[in-house]
Amino acid sequence: QVQLVESGGGLVQPGGSLRLSCAASGSTLDYYVIGWFRQAPGKEREGVSCIRSSDGSTYYEDSVKGRFTISRDNAKNTVYLQMNTLKPEDTGVYYCATGYSVPRLYWYRSRHFDYWGQGTQVTVSS
């Protein structure tokens with residue numbers, strides 16, 4: 001079983017940056033797909049980005065393309081989400097999750113992910 005702990009959230013002004021971390025324990029991430037999701041108040045949880053350990057391929061939700069970058073540090077068993085040029089609509093609780101069998105075309109569907117962290121709050125406001 002995989003335990004995930006997110007960190008790095010906070011309050012930032014529009015246009016600012018944050019880097020979220022997702023530290024895994026209990027198992028290596030080498031065989032998993034790792035995703036970042038977010039949930040704004042009153043909205044459904046949505047997929048933000050995903051990285052496949054098998055080949056390093058990455059995926060992004062359209063509104064974050066060019067602003068967010070997902071990456072891995074194998075030695076630290078940690079996945080990062082670098083978020084630049086943040087906008088108020090990026091506000092929400094950000095979760096990382098892992099799944100073993102995540103279809104490439106449907107990486108953004110939360111039901112394909114098995115283990116979840118507790119989430120970290122990101123607030124973009126002036």
Side-chain angles (χ1 to χ4, degrees):
Q1 188 168 354
V2 181
Q3 292 82 43
L4 303 171
V5 178
E6 304 96 333
S7 61
L11 172 64
V12 64
Q13 292 186 344
S17 298
L18 284 174
R19 188 178 80 156
L20 304 184
S21 299
C22 173
S25 61
S27 177
T28 176
L29 293 175
D30 289 352
Y31 306 105
Y32 286 94
V33 176
I34 304 95
W36 283 98
F37 293 78
R38 68 185 176 191
Q39 188 165 20
K43 295 187 177 181
E44 292 186 356
R45 190 173 298 186
E46 64 174 352
V48 175
S49 182
C50 168
I51 184 166
R52 303 187 72 90
S53 297
S54 58
D55 59 8
S57 53
T58 58
Y59 305 83
Y60 297 94
E61 192 268 331
D62 285 346
S63 71
V64 307
K65 285 180 180 177
R67 300 189 297 123
F68 291 11
T69 304
I70 191 170
S71 63
R72 280 189 62 190
D73 184 330
N74 293 338
K76 296 182 178 180
N77 214 28
T78 298
V79 173
Y80 302 99
L81 185 68
Q82 177 67 43
M83 306 187 296
N84 298 328
T85 320
L86 282 161
K87 304 176 181 180
E89 50 264 42
D90 294 318
T91 295
V93 178
Y94 282 68
Y95 301 89
C96 69
T98 64
Y100 191 71
S101 299
V102 178
R104 290 182 182 269
L105 284 179
Y106 303 111
W107 64 267
Y108 52 88
R109 292 181 177 174
S110 59
R111 67 172 182 261
H112 296 301
F113 290 79
D114 305 306
Y115 303 104
W116 292 80
Q118 83 290 348
T120 185
Q121 176 70 45
V122 171
T123 303
V124 184
S125 175
S126 55

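Basis for what follows: all heavy atoms, side chains included, without hydrogens, waters or symmetry-related copies. We're numbering straight along the sequence, starting at 1. Here the structure is a predicted model, which is why all the values come from computation and not from measurement.
Under the 3.5 Å distance criterion, the side-chain polar atoms of T120 are matched with a main-chain donor or acceptor of G9. Looking at N77, its side chain does come within 3.5 Å of a backbone N or O of L29 through a donor-acceptor pair. Side chain of R67 to main chain of S63: a donor-acceptor pair is present (N/O by atom type, distance under 3.5 Å, no hydrogens or angles). The backbone N or O of W36 sits nowhere less than 3.5 Å from a side-chain atom of S49 that would complete a donor-acceptor pair.
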Show me the donor-acceptor pairs, under 3.5 Å and distance only, between side chains in residues 39-47 and residues at least two apart or in other chains.
{"from": "Q39", "atom 1": "NE2", "to": "K43", "atom 2": "O", "distance (Å)": "3.1"}
{"from": "E46", "atom 1": "OE2", "to": "R38", "atom 2": "NE", "distance (Å)": "2.6"}
{"from": "E46", "atom 1": "OE2", "to": "R38", "atom 2": "NH2", "distance (Å)": "3.2"}

Below 3.5 Å, can you tabulate the donor-acceptor pairs from side chains in residues 111-119 to any protein atom, sequence neighbours excluded?
{"from": "W116", "atom 1": "NE1", "to": "F113", "atom 2": "O", "distance (Å)": "3.4"}
{"from": "Q118", "atom 1": "NE2", "to": "E6", "atom 2": "O", "distance (Å)": "3.3"}

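Looking at Y80, Y59, Y60 one by one, the single match for side-chain contact (heavy atoms from CB on, under 4.5 Å) with I70 turns out to be Y60.
Distance CZ/R52 to CD1/I34: 10.0 Å, rounded to 0.5 Å. To the nearest 0.5 Å, atoms OG1 (T123) and CG (L18) are separated by 9.5 Å. Between the OG atom in S71 and the CZ atom in R19 there is a gap of 7.0 Å [rounded to 0.5 Å]. Rounding to the nearest 0.5 angstrom, the gap separating the SG atom in C22 from the CG atom in D73 is 12.5 Å. Taken to the nearest 0.5 Å, the CZ atom of F37 stands 6.0 Å off from the OG atom of S110. Of the inter-residue distances, the one linking L20 atom CG with F68 atom CZ reads 8.0 Å to the nearest 0.5 angstrom.
Side-chain contact between L11 and S125: present, with at least one pair of heavy atoms (C-beta onward) separated by less than 4.5 Å. The side-chain heavy atoms of V93 and Y95, taken from C-beta on, include a pair separated by under 4.5 Å. Contact check for L4 versus T98: side-chain heavy atoms found under the 4.5 Å cut-off.
Across all their heavy atoms, S57 and R104 have their closest contact at OG-NH1, 3.4 Å.
In this view, C50 satisfies the disulfide (SG to SG under 2.5 Å) rule with no residue, not counting sequence neighbours.
Using modelled atom types, one finds no donor on one side chain facing an acceptor on the other under 3.5 Å when comparing T78 with R72. N84 and S17 share a side-chain donor-acceptor pair at under 3.5 Å.
Salt-bridge annotation for K87 and D90: absent, with no side-chain N of the basic residue lying under 4.0 Å from a carboxylate O of the acidic one.
Note on Y106: it does not cluster hydrophobically with Y100, by side-chain heavy-atom contacts below 4.5 Å among ILVMFWY residues. At a threshold of 4.5 Å between side-chain heavy atoms, the hydrophobic network of Ile, Leu, Val, Met, Phe, Trp and Tyr places L81 and I51 in one connected group.
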> Step by step, would you call V48 with M83 a side chain to side chain contact (heavy atoms under 4.5 Å, CB included)?
Replying inline: CA-CA 11 Å; V48 175; M83 306 187 296; over 6 Å; no
